[in-house]
Every structure is written in C-alpha cells, then in structure tokens.
Amino acid sequence: MLTFIKKHKLFLYISLLSLVGGFLRFYKLDWAQGLFTHPDEYHIAASVSQLSFPNQMHPHFFSYGTLAIYLIYFTQELVNFLSITFNSFLIGRFYSALFSTLTIFIAYKICRSFMQTRFSYLAALLVAITPGLI
C-alpha cells in the first residue's frame, strides 16, 4: 500500500484537490430553490426556453456566446427524452460546476510547466477553494 502511495503521490494529491474543489462546486446546485437570483442565469434560462429544434434555434442572447445555451438545451432535451425532469438553470449550474472543477487540473498543469511541483499544488489548491472561482 505504501509503495502504491509513494508511486502515485502526485496523482493522489491532485485527485484529492479536485475532489475537494468538486465538492465545493457541486454542493447545493439548487441554492436559490428555483428562483433566478442571478440576472445572467435568468437570461440564459429564458434563451434556452425559447429554443425549439429545428424550427427556432436563435437564442436572442449573445453575452456568453451560444455554445453554453445550445449545450444546456440539448442536454435538457436528452434528459427529458429519458423521462427525467430538470430545469435549464440546474443543468447550466451543473455544467458551470463541471468546467470549473476541470480548471483545477488545468491550473496545476500550467503551473507545473514552469514552476516547482509544490507551487503547482499551491496554485491548484487556491483554484479549488477560492470563492470567486467556485
């Protein structure tokens, strides 16, 4: 067991940081209990709700680009096809938390390319627990 930990120490550290950061990001995705307390979230959900494939695919909202809107829409269509009901804002929060969790590893790899390992872990830790990035 100790040889496994010593051999895979780097992977275990970054996995632990990603788990902590993922927990902080995915915990209570429905924090507003169905209310749109963030104005951009409201506008994205409204844009998703007016889409209808293939007739009406113009989102009328371009502040963040259309990739996120189409990703949320097609995920919602897939989930509805599987007879599971999720709101578009909850799907958007899921994708936001998922991509934000991936940035922990990306920050580690970028810092690892030009810093020592311990500083790379520090950068990953700061990305994992900084409230503005959650």
**Q.** ILVMFWY clustering at 4.5 Å (side-chain atoms), partners of Phe114
**A.** Ile106, Ile110, Met115, Phe119
Q. Would Lys109 and Phe105 count as a side chain to side chain contact (heavy atoms under 4.5 Å, CB included) if you check the C-alpha gap in whole Å, the side-chain angles of each, and the deciding distance to 0.1 Å?
A. CA-CA 6 Å; Lys109 290 301 277 185; Phe105 180 71; 3.6 Å; yes
Q. Quick check: are there more than 12 heavy atoms from other residues, nucleotides or ligands sitting under 6.0 Å from OH of Tyr13?
A. no
Q. Is there a path of hydrophobic side-chain contacts, each under 4.5 Å between heavy atoms of I, L, V, M, F, W or Y residues, that connects Phe81 with Leu90?
A. yes
Q: Treat each ILVMFWY residue as a node, draw an edge where side-chain heavy atoms are under 4.5 Å apart, and state whether Phe99 and Leu24 are in one component.
A: no
Q) Do we see a donor-acceptor contact under 3.5 Å between the side chains of Tyr95 and Thr75? A) yes
Q | hydrophobic_cluster_shared for Leu19 and Leu12, side chain cutoff 4.5 Å | A | no
Q | Polar side-chain atom of Thr101 near backbone of Ala97 as donor-acceptor pair, under 3.5 Å | A | yes
Q) Is there a donor-acceptor contact under 3.5 Å from the side chain of Tyr121 to the main chain of Leu17? A) no
Q) Can you name the ring pair (Phe, Tyr, Trp, His ring centres under 6.0 Å) partners of Phe94, sequence neighbours left out? A) Phe26
Q) Gln76 side chain to Asn87 main-chain N or O, any donor-acceptor pair under 3.5 Å? A) no
Q.
Under the rule for ring pair (Phe, Tyr, Trp, His ring centres under 6.0 Å), what residues qualify as partners of Tyr73, not counting sequence neighbours?
A. none
**Q.** Nearest heavy-atom neighbours spanning Ser47 and Pro59
**A.** OG-O, 3.2 Å
Q) Do you know the tightest heavy-atom contact between Thr117 and Leu10? A) CG2-CD2, 3.8 Å
**Q.** Exercise: identify the closest heavy-atom pair between Ala46 and Ser49
**A.** O-OG, 2.8 Å
Q. Roughly how far, to the nearest 0.5 Å, is the CZ atom of Phe89 from the CD1 atom of Ile72?
A. 11.5 Å
**Q.** Under 3.5 Å donor-acceptor, Arg25 side chain and Gly21 backbone
**A.** yes
Q: Find the distance between CD1 (Ile44) and CD1 (Ile91) and round it off to the nearest 0.5 Å.
A: 13.0 Å
Q: Check the hydrophobic clustering (I, L, V, M, F, W, Y; side-chain heavy atoms under 4.5 Å; chains of links allowed) and say if Val48 and Met57 are grouped together.
A: yes
Q) Roughly how far, to the nearest 0.5 Å, is the CD atom of Glu77 from the OG atom of Ser52? A) 7.5 Å
Mind listing the side-chain donor-acceptor pairs of residues 60-69 below 3.5 Å, one per line with the distance, residues two or more places apart or on another chain?
residue: His60; atom: ND1; partner: His58; partner atom: ND1; Å: 3.3
residue: Tyr64; atom: OH; partner: Asp40; partner atom: OD2; Å: 2.4

Q: Return yes if some donor-acceptor pair links the side-chain N/O of Arg93 with the main-chain N/O of Leu29 below 3.5 Å, else return no.
A: yes
Q) Just wondering, do Leu133 and Thr103 contact through their side chains at under 4.5 Å, heavy atoms? A) no
Q) Would one find more than 12 heavy atoms of other residues, nucleotides or ligands at under 6.0 Å from atom CZ of Phe86? A) no
Q | Residues that Phe23 engages under ring pair (Phe, Tyr, Trp, His ring centres under 6.0 Å), provided they are two or more places apart | A | Tyr27
Q: For the residue pair Tyr70 and Leu51, establish whether any side-chain heavy-atom pair is separated by less than 4.5 Å.
A: yes
**Q.** By ring pair (Phe, Tyr, Trp, His ring centres under 6.0 Å) - contacts of Phe11 (at least two apart)
**A.** none
Q. Which heavy atom of Ser18 sits nearest a heavy atom of Ile104, and at what distance?
A. OG-CG2, 4.1 Å
